[in-house]
Chemist: 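After the structure tokens below, expect a handful of questions from me.
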Amino acid sequence: TTDYYDHPIFHPATQLHFDTAASRALRDTIERWLWNGNTGGYFYGKSRVGKTHALSLLIDRFRTRANRPIPGHYLSVPQRDQGTIASTYRAMNFSAGLRVTNADKADVLCDRFVFHLSDRACEAASDMLLMVIDEMHRLKPQQLEAFAEIYDKLLKTDVVLTCVFVGNDPQHRDLTDELAVRSPHVYGRFFTQGHEVQGLTSEADVRTCLAQYDTLRHPDDGPTYTAFFLPEAVEAGWQLASLSAPLWAAFAHYRDRLHLGSWPMQYFVTAVNTLLTDYLPR
């Protein structure tokens, strides 16, 4: 038997995944960068639009033109009082689960992380690597030199690293604007291509997500997400996607009053899950 509270709807951060226009745009853009040999680019958007969640699902799914897997590494930049290159290498090693001591110098930390990435590329028989750097707005301009050095050292082993930076808007602008002036070589390598990530921007987007509640199943041979909570309504032919117009109209009312650009995925999921689990069954 399946425990009621094991349902993915009760675990949205780790188990509830939707295919959206924004996530498809992320995937297509990164794939284009990888296949074209780009050194990198960046994505920015308002908090809670779903940037981190989408990238965590995508990072290990990219493949080369020859259909070989491209290893991916995720780094969330920690908030630190001192934004040094050494602290950046330390964070990289921590993110990979590598040994780190207080005595380790920057060059040792750099080489250790490069060896780790090289090993992953070798294991996958890939000459390409993807690194996602989240919370880029926490970085100081000088810390970007660390990523340039990692790229250069990997290139000497015939491995091309594509760095994808992700930041909140408008906080990311201070970094990119300063880099353009102080470090044009770093800016040119990683920040000439920037793309905005938005949440849901239309009723069609809302309907697409609601329709996935009507088709995804838990367990795999069980009822749809909608039928799990509203079996009688679904048996009578009702679908959650039928609520797309009133839900979008309700959001649009607050969007105009609060000057919102889009409906962040986290808030959309919270609203719909509350409707499905608590309100609609009553």
Side-chain angles (χ1 to χ4, degrees), residues 13 20-34 38-60 62 72-92 94-96 113 129-151 161-201 259-269:
T20 66
S23 65
R24 290 193 296 273
L26 274 172
R27 181 189 62 221
D28 293 345
T29 301
I30 295 174
E31 183 175 74
R32 184 170 65 251
W33 289 346
L34 288 166
N38 287 22
T39 51
Y42 69 101
F43 295 98
Y44 60 92
K46 300 298 183 182
S47 179
R48 301 295 179 262
V49 296
K51 305 183 297 296
T52 298
H53 188 67
L55 285 165
S56 68
L57 298 176
L58 293 171
I59 192 167
D60 291 318
F62 293 103
H73 183 82
Y74 175 84
L75 167 67
S76 180
V77 177
Q79 187 71 58
R80 293 288 184 265
D81 292 335
Q82 293 183 337
T84 64
I85 293 177
S87 69
T88 307
Y89 288 136
R90 195 173 298 274
M92 291 178 185
F94 275 128
S95 69
F113 188 67
L129 286 167
L130 169 66
M131 187 173 180
V132 173
I133 303 96
D134 204 357
E135 310 291 352
M136 61 174 264
H137 48 275
R138 294 176 177 172
L139 291 166
K140 305 298 183 186
Q142 65 269 18
Q143 291 178 282
L144 272 298
E145 297 289 350
F147 299 97
E149 184 175 6
I150 294 290
Y151 174 90
L161 174 67
T162 297
C163 290
V164 174
F165 293 86
V166 186
N168 286 345
D169 186 41
Q171 294 92 330
H172 78 285
R173 297 178 188 175
D174 290 340
L175 176 64
T176 53
D177 289 348
E178 190 170 356
L179 282 171
V181 175
R182 290 182 51 184
S183 303
H185 64 289
V186 172
Y187 181 88
R189 181 173 291 192
F190 298 126
F191 296 99
T192 57
Q193 299 188 65
H195 295 267
E196 183 178 8
V197 180
Q198 293 187 308
L200 307 180
T201 60
H259 308 289
L260 302 175
S262 65
W263 194 348
M265 274 300 295
Q266 180 174 328
Y267 301 143
F268 168 80
V269 168

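Just so you know, residue 1 is the first one in the sequence shown, and it goes up from there.
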Chemist: Just how far is it from atom CD1 of I150 to atom CE of M131, taken to the nearest 0.5 Å?
Modeler: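 Interatomic distance, I150 CD1 to M131 CE, rounded to 0.5 Å: 7.0 Å.
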Chemist: Would you say I30 and V132 make side-chain contact, with heavy atoms under 4.5 Å?
Modeler: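 Result no, sub-4.5 Å side-chain heavy-atom pair not found.
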Chemist: Taking only residues two or more places apart in sequence or in another chain, which ones pass side-chain contact (heavy atoms from CB on, under 4.5 Å) with T20?
Modeler: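 With neighbours one apart ignored, the set is F18, A22, S23, C209, M265.
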Chemist: So, do Q171 and Y44 sit near enough that their side-chain heavy atoms are less than 4.5 Å apart?
Modeler: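 No - every pair of side-chain heavy atoms lies 4.5 Å or more apart.
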Chemist: Testing the basics here: between V49 and Q198, what is the closest heavy-atom pair and its distance to 0.1 Å?
Modeler: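 Looking at all heavy atoms of both residues, the shortest contact is CB-C, 4.1 Å.
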Chemist: Are side-chain heavy atoms of V197 and V166 found at a separation under 4.5 Å?
Modeler: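 Sidechains of V166 and V197: no contact.
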Chemist: Please tell me if the side chains of F190 and M136 come closer than 4.5 Å, counting only heavy atoms from C-beta onward.
Modeler: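 The answer is no; the side chains never approach within 4.5 Å.
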Chemist: Counting only N and O atoms by type, is there a donor-acceptor contact under 3.5 Å from the side chain of R48 to the main-chain atoms of P264?
Modeler: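 Looks like no, no N/O pair under 3.5 Å.
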Chemist: Got a sec, which residues hit side chain to side chain donor-acceptor pair (under 3.5 Å) with Q142, two or more places apart in sequence or on another chain?
Modeler: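 Checked Q142 against side chain to side chain donor-acceptor pair (under 3.5 Å); zero matches.
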Chemist: Which atom pair, heavy atoms only, marks the closest approach of T201 to S262?
Modeler: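 The answer is CG2-CB, 3.8 Å.
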Chemist: Relative to each other, are the rings of F113 and H73 parallel, tilted or perpendicular (30° and 60° limits)?
Modeler: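 Ring orientation, 0 to 90° scale: perpendicular.
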Chemist: Any side chain to side chain donor-acceptor pair (under 3.5 Å) involving residues 49-58? Give me the pairs, sequence neighbours left out, ordered by first then second residue.
Modeler: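 Output for this query lists H17-H53, K51-N168, T52-D134.
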Chemist: Can you give each donor-acceptor pair under 3.5 Å made by side-chain atoms of residues 83-90, sequence neighbours left out, with the distance rounded to 0.1 Å?
Modeler:
residue : atom : partner : partner atom : Å
T84     : OG1  : S87     : N            : 3.0
T84     : OG1  : S87     : OG           : 3.2
S87     : OG   : T84     : N            : 3.2
S87     : OG   : T84     : O            : 2.7
T88     : OG1  : T84     : O            : 3.0
T88     : OG1  : Q143    : NE2          : 2.8
Y89     : OH   : E149    : OE1          : 2.4
R90     : NH1  : T101    : O            : 2.9
R90     : NH2  : D104    : O            : 3.4

Chemist: Please determine if R32 and D28 form a salt bridge, counting it only when a charged side-chain N lies under 4.0 Å from a carboxylate O.
Modeler: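 Between D28 and R32 there is no salt bridge, as every charged N stays at least 4.0 Å from the carboxylate O atoms.
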Chemist: Hey, could you give me the CZ/CG distance between R27 and L57, rounded to the nearest 0.5 Å?
Modeler: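 Reported to 0.5 Å precision, the distance equals 11.5 Å.
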Chemist: Apply side-chain contact (heavy atoms from CB on, under 4.5 Å) to A21 and list each qualifying residue two or more places apart in sequence or on a separate chain.
Modeler: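 Partners of A21 under the side-chain contact (heavy atoms from CB on, under 4.5 Å) test: R24, D205.
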Chemist: So which heavy atom on S183 is nearest to which on E145, and how close?
Modeler: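 Between these two residues, the closest heavy atoms are OG-OE2, 4.4 Å.
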Chemist: Closest approach of S76 and E135, non-hydrogen atoms and distance?
Modeler: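 Shortest heavy-atom contact: OG-CG, 3.7 Å.
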Chemist: Checking F191 now: which residues fulfil ring pair (Phe, Tyr, Trp, His ring centres under 6.0 Å) with it, not counting sequence neighbours?
Modeler: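 By the ring pair (Phe, Tyr, Trp, His ring centres under 6.0 Å) rule, F191 matches Y42, F165.
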Chemist: Listed by chain and number, what are the salt bridge (charged side-chain N to carboxylate O under 4.0 Å, His left out) partners of E178, not counting sequence neighbours?
Modeler: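 So E178 forms a salt bridge (charged side-chain N to carboxylate O under 4.0 Å, His left out) with R182.
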Chemist: Would you name the heavy atoms of L130 and I59 that are closest together and state the gap between them?
Modeler: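 It is CD2-O, 4.0 Å.
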Chemist: Using the test side chain to side chain donor-acceptor pair (under 3.5 Å), find all partners of T192 that sit at least two apart in sequence or belong to another chain.
Modeler: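 So T192 forms no side chain to side chain donor-acceptor pair (under 3.5 Å) with any residue.
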Chemist: Could I get the full list of side-chain contact (heavy atoms from CB on, under 4.5 Å) partners for P184, not counting sequence neighbours?
Modeler: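 Applying side-chain contact (heavy atoms from CB on, under 4.5 Å) to P184 gives none.
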Chemist: E196: which residues meet the side chain to side chain donor-acceptor pair (under 3.5 Å) condition with it, sequence neighbours left out?
Modeler: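 Partners of E196 under the side chain to side chain donor-acceptor pair (under 3.5 Å) test: none.
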Chemist: Please report the interatomic distance CD1(I133) to CG(L139), rounded to the nearest 0.5 Å.
Modeler: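 If we round to the nearest 0.5 Å, I133:CD1 and L139:CG are 8.0 Å apart.
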Chemist: Using the test ring pair (Phe, Tyr, Trp, His ring centres under 6.0 Å), find all partners of H137 that sit at least two apart in sequence or belong to another chain.
Modeler: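 If we apply the ring pair (Phe, Tyr, Trp, His ring centres under 6.0 Å) test to H137, skipping adjacent residues, there are no hits.
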Chemist: Between L26 and A54, which heavy-atom pair has the shortest distance, and what is it?
Modeler: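 Where L26 meets A54 most closely, the heavy atoms are CD1-CB, 3.7 Å.
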Chemist: Partners of T39 by side chain to side chain donor-acceptor pair (under 3.5 Å), sequence neighbours excluded?
Modeler: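 Checked T39 against side chain to side chain donor-acceptor pair (under 3.5 Å); zero matches.
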